[in-house]
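Naming: A, B, ... by sequence-line order, numbering from 1 per chain. Hydrogens, waters and symmetry mates play no part in the numbers below; they use all other heavy atoms, side chains included.
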Protein chains: 2
Amino acid sequence: MSPHKLRVIPLGGLGEIGKNMMALECGNDIVVIDAGLMFPSEEMLGVDLLIPDISYLLARQKNLRGIVITHGHEDHIGALPYILSQLTPPVYATKFTRELILVELKQRGVRTNAKLNIVSPGSRIKLGNFTIEFFSVCHSIPDSVGLVIHTPLGIVVHSGDFKIDYTPVISEATNFSQLASLGEKGVLLLLSDSTYAELPGYTPSERLVSDTLDRIVSEAKGRVIVTTFASLISRVQQVFDVAVKNGRRVFIIGRSMKEIVSMALKTGYLTAPPNIMCRLDELKTLPHNRVIVLSTGSQGEPTSALVRMANRDPSSRVQIVSGDTVVISATPIPGNETLVSKTTDSLFRQGANVIYDKLAQVHVHGHGSQEELKLLLSLVKPKFFVPVHGEYRHLSLHASLARSMGIPKDNVFVLENGDVLELGRDSGKVVAKTRVGVIYVSGLITGELDGAVLRDRKLLSRDGVVVVTVVVDAESGKLAERPRIITRGFIDAGEEQTLIEKGRDVLIAALEDGRRGFVSRGRLNKPSFVDAKVKDSLSRFFYEQIHRRPIIIPVVVEVKRKS
Amino acid sequence: MSPHKLRVIPLGGLGEIGKNMMALECGNDIVVIDAGLMFPSEEMLGVDLLIPDISYLLARQKNLRGIVITHGHEDHIGALPYILSQLTPPVYATKFTRELILVELKQRGVRTNAKLNIVSPGSRIKLGNFTIEFFSVCHSIPDSVGLVIHTPLGIVVHSGDFKIDYTPVISEATNFSQLASLGEKGVLLLLSDSTYAELPGYTPSERLVSDTLDRIVSEAKGRVIVTTFASLISRVQQVFDVAVKNGRRVFIIGRSMKEIVSMALKTGYLTAPPNIMCRLDELKTLPHNRVIVLSTGSQGEPTSALVRMANRDPSSRVQIVSGDTVVISATPIPGNETLVSKTTDSLFRQGANVIYDKLAQVHVHGHGSQEELKLLLSLVKPKFFVPVHGEYRHLSLHASLARSMGIPKDNVFVLENGDVLELGRDSGKVVAKTRVGVIYVSGLITGELDGAVLRDRKLLSRDGVVVVTVVVDAESGKLAERPRIITRGFIDAGEEQTLIEKGRDVLIAALEDGRRGFVSRGRLNKPSFVDAKVKDSLSRFFYEQIHRRPIIIPVVVEVKRKS
């Protein structure tokens, strides 16, 4: 490929929320930004998670110089275990991010020869034709970075996932001067986070949540139970700070919360005075107004600590008591709304006072709203713009923002995964479309999604399965016994008997086929005939009787006389 | 039951969104308010809809004096076809509501002897001990009413579903003076709509949407396609008004929209100048800036007109062209968010400019926010308060509002479906809990939800089914053939062969059972033994190989030699 062109190939993350992965190619060098997973939508029955299709990279392995990770959220690192078992480029990530990558690899049981290098804001690395500098951005997880990528064609800026927070709780404020001076020098391309391109205004500062938490904790007469994302370390820091301020101790419950807090304390991303955390035995003796419980479960996850409390799971080490205040310091990720609502209702039922985002400012987003997106565009002043990290409408709206700020519409590209955008110094266009299949992980299987299997699962989920066994005497051609019918997920035991009996009669009559007398005259020797009759007659029967369409599986056994 | 007590028995609608049904009982008289359906949650696989359990009413049929309907939404009328096929009390509804009930009965193919009486705001009906007056309320469907129910014990006010809109588009503003004077006289009990008890402030007036629609239509250079709920007649009226104002004609697409608009025009709930609507042939010749298309599909319903346009369905009479403005004049009902997002993305992909609630004020809710709920409490000044129409957290928050306004906490009752609340003149308490099963409708079956069937459907939806046929020679006790394995919804054809072959080997080895030699020595005569071996060995095998757990159905056929 020409070194006078730069190719931008999104392999995931565009037109969807999740599995972020962007390839940049120039001459014989490819670098990849992020390698995330995506959770399946409802219809993808039986699928655990989705990862990007890396066929493009596998075909060009020897050109792959490295993978650069912007931050440790699963939609940016979750595909690494699968990818690093097929490719072994060097990986570059900040310290906190690398810790999470190690956890991810361990959880998936993957060992890799790829080297996981640590970088920090200010680091500069050379990957073939590309020189990459890292700069700090504010996001909902520590050690998030954006990238300044020097290419032969010009400078590319990648925002990472970001918001602009002038009063951040733990990270440093975004380095505007660096971005501004780049903009003055001239930036070829900006790739920017479109997640909240729909929302006008600014995303509030993390600091606002401190005020609200402080108010809630100081007013609470009993215990306060706070749930948030375990990786939202700035929020965890605020919980510790508020505990100190209000003379309360913090009990942590939930495996992922305990692990991440422990890691963050060890690596210095979280600071807590000695003794602020308490053990279970201490929790049991402390007065309720001297306690904050920090818990997993902000997304209503069924196995999380909060949900077990909400469900009165007897094995939970903490039970809800009337008078508890529960703070859900998060918003439901799209798709999780029902889980969170159910958990909230269960907590209210137990007499807890539940405070969540609709009722008070107990959470702020980690992504920028329109004004921040415009601010970045205005500082960086790119020649070309590609919105990233969003569903199509987010990308489209972000593109409109860019055009409204003067970037010519021919220089603004709303891409889809697999598009190969080729930029020259003066113009760009999509020159090809590389294949990007839907790669799913289900149990230990990784592969492309099979439409037939999904369709069957959908049918099975609605109306179940009916297994019909027809035993035919091979010589006489007659039925050796009355057909058997077994059902699962179809109708319930009480209803079953009468309908099933009728079904067997209907089947025998269909096999008999009237005057042809296939049953009585003994002509059932063709298994394919029997198979078809079973499916036709019973499909029609079940639909007419009860308007249901189970999957019908005929099992035809021919028995031969032995000599 | 004593005539000196009033019983309040919610049969649906509390702790859930949908299947509203409230019974009031005094002496030998029962009246029922509303009879709605509920759509199933995701986990209720294969279920079409849910209806209230009317066992309580069936056991007291001769006391049931009538069913009163507050408005025509499905969560208030959708269970009538099922109920009126079992009971035939007189039904009372306003004109528009009654039209929708007739449509509902027709669609479900139900004929009933129950009389559907028409009432209007100001009507007074006597049902045994109860005298019921109807008053107009503002909601998102025409002809909505609240109820003033005179009982021997005192006055009960039921808000219906309501908001307070001082500048309504089609209905009349709520009659405050009547409510205020009732409050002065003394109201025993208020039952009030809790849907938006979480939201502070006021719900904006419907009129605001007129302004936004007008702005959008006047600025649009091309066609404007508006989608909203077909029953939201005030919005349809606004679309007509805005069309007239901007010199555009309206083309209606989508069966339910056409039917309801036609009914509303005929019954006078909608007014449109002659010629404002156009036919398809006219649509094809009108300039794009002289057209508004009014369409179904505001909830992303797969068969709706808008979704067919979004999916480029060739059979759709209208196709999206770049430059179209699409206004989604609704918000997604909880559960429908993904459908609506996908539709929005598809429309953007086709070059439409989509405007929805996040971007502009194109929709307002039909339920009151906190200030309106407090206003009603303050006008009515009830002795007792029961929040209705909401999930538990909504009811709980509404109860807190009432307590904050001075109603003693012993007089505020957060009930669940099936609670029997008994009120005397001075106090009340829940005296019993009547059974309320989950009654589902699935195809033509109505019954109680069977846990086993649902669990099986869940397993089938994730990992499918594996049917294993083992044919045993009854005399020799040996396998008559190699076991057969058929799978559906399990793994795909490509993967299948190797794993399935291995599975058959594993099964034969398990049946052989090592030294016991059940296969080689011919001892497979016990079907229950074979059955168990099939399930154990293959469950373990599939889990070890690929971490999947399909439902395994063994079919054991013993073949006998014929003499």
Side-chain angles (χ1 to χ4, degrees), chain A residues 15 41-42 45-46 198-199 334-335 337-338 341 344-346 348-349 354 358-359 391-393 396-397 442-445 447 450 452-453 456-465 467 469 471 473 480 484 486 488-495 545-548 551 553 555 557 559-562, chain B residues 15 41-42 45-46 198-199 334-335 337-338 341 344-346 348-349 354 358-359 391-393 396-397 442-445 447 450 452-453 456-465 467 469 471 473 480 484 486 488-495 545-548 551 553 555 557 559-562:
Chain A
S41 57
E42 283 170 39
L45 300 166
E198 290 166 318
L199 303 189
E337 296 90 348
T338 309
S341 299
T344 308
D345 285 350
S346 301
F348 267 114
R349 276 195 176 88
V354 189
K358 285 197 170 113
L359 306 179
E391 289 180 305
Y392 198 90
R393 63 194 178 287
S396 193
L397 290 166
S442 182
L444 297 181
I445 295 181
D450 185 275
V453 171
D456 278 352
R457 286 182 192 158
K458 183 109 204 165
L459 290 168
L460 289 167
S461 77
R462 273 206 305 253
D463 292 332
V465 63
V467 179
T469 309
V471 187
D473 182 302
R484 297 183 231 170
I486 301 169
R488 295 291 290 272
F490 177 42
I491 47 181
D492 82 35
E495 305 285 324
Q545 291 296 308
I546 57 171
H547 278 197
R548 308 309 301 284
I551 282 193
I553 298 180
V555 173
V557 180
V559 311
K560 299 185 187 358
R561 188 186 302 192
K562 283 188 195 278
Chain B
S41 57
E42 283 171 40
L45 299 165
E198 291 166 319
L199 302 190
E337 296 89 348
T338 309
S341 299
T344 308
D345 285 348
S346 301
F348 267 114
R349 275 194 176 89
V354 188
K358 285 196 170 115
L359 306 179
E391 290 181 303
Y392 198 90
R393 62 194 178 286
S396 193
L397 290 166
S442 181
L444 295 181
I445 297 181
D450 185 275
V453 171
D456 278 352
R457 286 182 191 157
K458 182 108 206 171
L459 290 167
L460 289 167
S461 77
R462 273 205 306 252
D463 292 332
V465 63
V467 180
T469 309
V471 187
D473 181 302
R484 293 184 234 168
I486 300 169
R488 294 291 291 272
F490 176 43
I491 47 181
D492 80 36
E495 303 285 323
Q545 292 294 307
I546 57 172
H547 278 197
R548 308 310 301 282
I551 282 193
I553 297 180
V555 173
V557 180
V559 310
K560 298 182 185 2
R561 189 188 302 191
K562 282 191 194 283

**Student:** Can you tell me which portion of A/Leu459 sits under 4.5 Å from chain B's heavy atoms? Options are side chain, backbone, both or neither.
**Tutor:**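 Looking at A/Leu459, nothing touches chain B.
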**Student:** Between A/Asp450, A/Leu45, A/Leu460, who has the most heavy-atom pairs with chain B when the cutoff is under 4.5 Å?
**Tutor:**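 The candidate making the most pairs under 4.5 Å is A/Leu460.
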**Student:** Heavy-atom distance under 4.5 Å to chain A: side chain of B/Glu391, backbone, both or neither?
**Tutor:**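 The answer is both parts of B/Glu391.
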**Student:** Sort B/Ile486 into side chain, backbone, both or neither according to what part of it lies under 4.5 angstrom from a heavy atom of chain A.
**Tutor:**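 Just its side chain gets close to chain A.
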**Student:** Checking B/Gln545 now: which residues fulfil side chain to side chain contact (heavy atoms under 4.5 Å, CB included) with it, not counting sequence neighbours?
**Tutor:** B/Leu499, B/Lys502, B/Phe541
**Student:** Heavy-atom distance under 4.5 Å to chain A: side chain of B/Leu397, backbone, both or neither?
**Tutor:** side chain
**Student:** Below 4.5 Å, heavy-atom pairs only: which of B/Asp463, B/Ile445, B/Leu199 has the largest tally toward chain A?
**Tutor:** B/Ile445
**Student:** Between B/Leu359 and B/Val354, what is the shortest heavy-atom contact and its length?
**Tutor:** CD1-O, 3.5 Å
**Student:** Counting only heavy atoms closer than 4.5 Å, note whether B/Glu42 contacts chain A via side chain, backbone, both or neither.
**Tutor:** side chain
**Student:** Which atoms of B/Ser442 come close to chain A, meaning under 4.5 Å heavy atom to heavy atom: side chain ones, backbone ones, both, or neither?
**Tutor:**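 When you check distances to chain A, atoms from both the backbone and side chain of B/Ser442 fall under 4.5 Å.
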**Student:** Report which part of A/Arg488 has an atom under 4.5 Å of a heavy atom belonging to chain B: side chain, backbone, both, or neither.
**Tutor:** both
**Student:** Kindly indicate, with the supporting measurements, whether the criterion side-chain contact (heavy atoms from CB on, under 4.5 Å) is fulfilled by B/Arg484 and B/Val555.
**Tutor:** CA-CA 10 Å; B/Arg484 293 184 234 168; B/Val555 173; over 6 Å; no
**Student:** With rounding to the nearest 0.5 Å, note down the distance linking CZ in A/Arg462 to CD1 in A/Ile551.
**Tutor:** 10.0 Å
**Student:** Name the option with the most non-hydrogen atom pairs under 4.5 Å to chain A; the candidates are B/Lys358, B/His547, B/Arg393, B/Glu337.
**Tutor:**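 Among the listed options, the one with the most contacts to chain A is B/Arg393.
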**Student:** Residues two or more places apart in sequence or in another chain: which of them pass side chain to side chain contact (heavy atoms under 4.5 Å, CB included) with A/Arg349?
**Tutor:** A/Asp345, B/Tyr392, B/Glu416
**Student:** At a heavy-atom distance under 4.5 Å, which candidate from B/Gly46, B/Ala452, B/Gly15 has the highest pair count against chain A?
**Tutor:**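 Option with the top pair count is B/Gly46.
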**Student:** Checking A/Val471 against chain B: side chain, backbone, both or neither under 4.5 Å from a heavy atom?
**Tutor:** side chain
**Student:** Which atoms of B/Ser341 are under 4.5 Å from chain A, going by heavy atoms: the side chain, the backbone, both sets, or neither?
**Tutor:**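 Answer is both: backbone and side chain atoms of B/Ser341 are under 4.5 Å from chain A.
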**Student:** Going from OG on B/Ser461 to CG on A/Asp456, what distance comes out if it is rounded to the nearest 0.5 angstrom?
**Tutor:**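 Output value for this atom pair is 12.5 Å.
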**Student:** Under a 4.5 Å heavy-atom cut-off, does chain A meet the side chain of B/Val467, its backbone, both or neither?
**Tutor:** side chain
